[in-house]
Amino acid sequence: MRAIEVREFGGPEVLVPAEVPEPVAGAGQVVVGLEVADVIYLDTLLRSGWGGEIFPVRPPYVPGQGGAGTVLAVGEGVDAAWVGRRVAAPASAGYAEQVVSEVAEIAAVPDALGPAEAAALLHDGTTAVRLARAGQPREDETVLVAAAAGGAGSLVLQLARDAGARVIAAARGERKLALARELGAEHAVDYSEDGWQDKVREAAGGDGVDLAFDGAGGELGRAAFRTVARGGRFVTYGTSDGGFAEIDPRAAAERDVRVTNLLEGGPPPAAVSQAALVEALDLAAAGRIRPVIGATHPLARAEDAHASLARRATVGKSLLVV
């Protein structure tokens, strides 16, 4: 079957088309024929050789974390009724025509959603639901969403708005800020400009925000932390600015700010991810959130998807059409 391989760590150019054997379902597993493969920023980091202590991948390997498609076959102990059903399927080696997934991790796709929407929610929807649970945005609170035009950030923005919070979005460039306003942000601030944190505090009434979601990481994430008011909450998950936002525990304690790094400990238990995925799909089917699909690329052009992410040129979600 067709797939994409990383044969050595490096830039987007190391993503090359390849022919690999079709997968076979083991006990408790299903084979899914993918229609759309998900692309997440973590894929670009792993391709470059980052994060080996947490995500031990070694070339040659097929990158990707799954997608959406139809169950083709089931393994021992799996109900045959899954065959033919449309599913969102987490899986390793996801840039391929077929993947193997654990049946305990897949989720049926509601009739109201197409494969692109389901694939777009597979990881970013799951992450956004878990972020909202961690931060607990509430009615009439002021919430900052940094990297608000990204796949997860755009969904977190919508979940905070759905909870009744006043959302301040931070992103880079007018195109991304316009999207944030369209999704319900009351204020939108360009965090590539000096003094953007002051604009956030001003929009929040002067003292700072009650809650900040940091999808950027690095220095941008630390700057977002400094916009949180005394007694507030800071939830970080981004790495696009050079790694996680490392927050000094003493600085957090001085201002009584609760800091949560959603991804620092690696992937959550399968049951946690599966429940969050089901919730994200149901919220989208009900029209309460919608994934923003900014770019789709043919499977063979996975290189282009990664290059666009590296340039921060993609607004919303990037997907591969299989």
Side-chain angles (χ1 to χ4, degrees), residues 30 32 34-43 64-71 85-91 94 99 101-137 143 145 147-165 167 169 179-180 182-185 211 213 215 235 237-238 260 262-263 267-294 296 314-320:
V30 298
V32 179
L34 290 188
E35 295 180 56
V36 181
D38 190 15
V39 179
I40 61 176
Y41 193 76
L42 176 61
D43 297 342
Q65 314 296 323
T70 302
V71 176
R85 295 186 70 180
R86 298 191 312 133
V87 296
V99 297
S101 293
E102 301 295 327
V103 71
E105 298 180 5
I106 65 175
V109 176
D111 291 340
L113 299 180
E117 290 80 10
L121 291 165
L122 176 61
H123 293 98
D124 287 340
T126 299
T127 298
V129 166
R130 293 181 57 226
L131 286 166
R133 289 176 183 169
Q136 298 180 325
V143 176
V145 180
S154 60
L155 294 167
V156 170
L157 189 164
Q158 294 174 70
L159 289 171
R161 179 209 62 201
D162 191 61
V167 178
L179 171 64
E182 178 189 334
L183 294 175
L211 167 64
F213 291 103
V235 182
Y237 65 100
T260 302
L262 191 74
L263 303 182
V272 172
S273 289
Q274 200 263 357
L277 174 57
V278 170
E279 183 175 345
L281 292 169
D282 288 344
L283 285 167
R288 293 172 61 186
I289 62 174
R290 68 174 178 88
V292 177
I293 300 171
T296 58
T314 302
V315 176
K317 192 68 196 155
S318 184
L319 302 171
L320 299 177

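Position 1 is the first residue of the sequence; numbering continues from there. Computed from a prediction, not measured in an experiment: that's the story for all the values here.
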Side-chain touch [X]/[Y], heavy atoms, less than 4.5 angstrom:
X	Y	answer
Leu319	Ile293	yes
Arg133	Glu279	yes
Leu320	Thr296	no
Ile289	Leu121	yes
Leu283	Leu159	yes
Arg130	Leu262	yes
Val32	Val30	yes
Thr70	Val87	no

Let me confirm one number: the [atom1]-[atom2] distance from [X] to [Y], rounded to the nearest 0.5 Å.
X	Y	atom1	atom2	value
Tyr237	Leu131	OH	CG	6.0 Å
Gln65	Thr126	CD	OG1	12.0 Å
Thr127	Ile40	OG1	CD1	7.5 Å

Heavy-atom pair with the smallest gap, counting every atom of [X] and [Y]:
X	Y	value
Gly67	Leu122	N-CD2, 3.2 Å
Val143	Ala165	CG2-CB, 3.6 Å
Val109	Ala118	CG2-CB, 3.7 Å
Ala169	Ala148	CB-CB, 3.6 Å
Ala128	Leu155	CB-CB, 3.6 Å
Ala132	Pro137	O-CD, 3.4 Å

Give a yes or no on whether the backbone of [Y] and the side-chain of [X] come within a donor-acceptor separation of less than 3.5 Å.
X	Y	answer
Arg161	Leu183	yes
Glu117	Gly114	yes
Arg86	Val71	no
Ser154	Gly151	yes
Ser101	Pro90	yes

Next on the checklist: Tell me whether Arg288 at atom CZ has more than 12 heavy atoms from other residues, nucleotides or ligands lying less than 6.0 Å away.
Outcome noted: no
Checklist entry - Any Lys/Arg nitrogen of Arg290 or Glu182 sitting under 4.0 Å from an Asp/Glu carboxylate oxygen of the other? => result yes
Checklist entry - Quick one: side chain to side chain donor-acceptor pair (under 3.5 Å) partners of Asp124, sequence neighbours excluded? => result Lys317
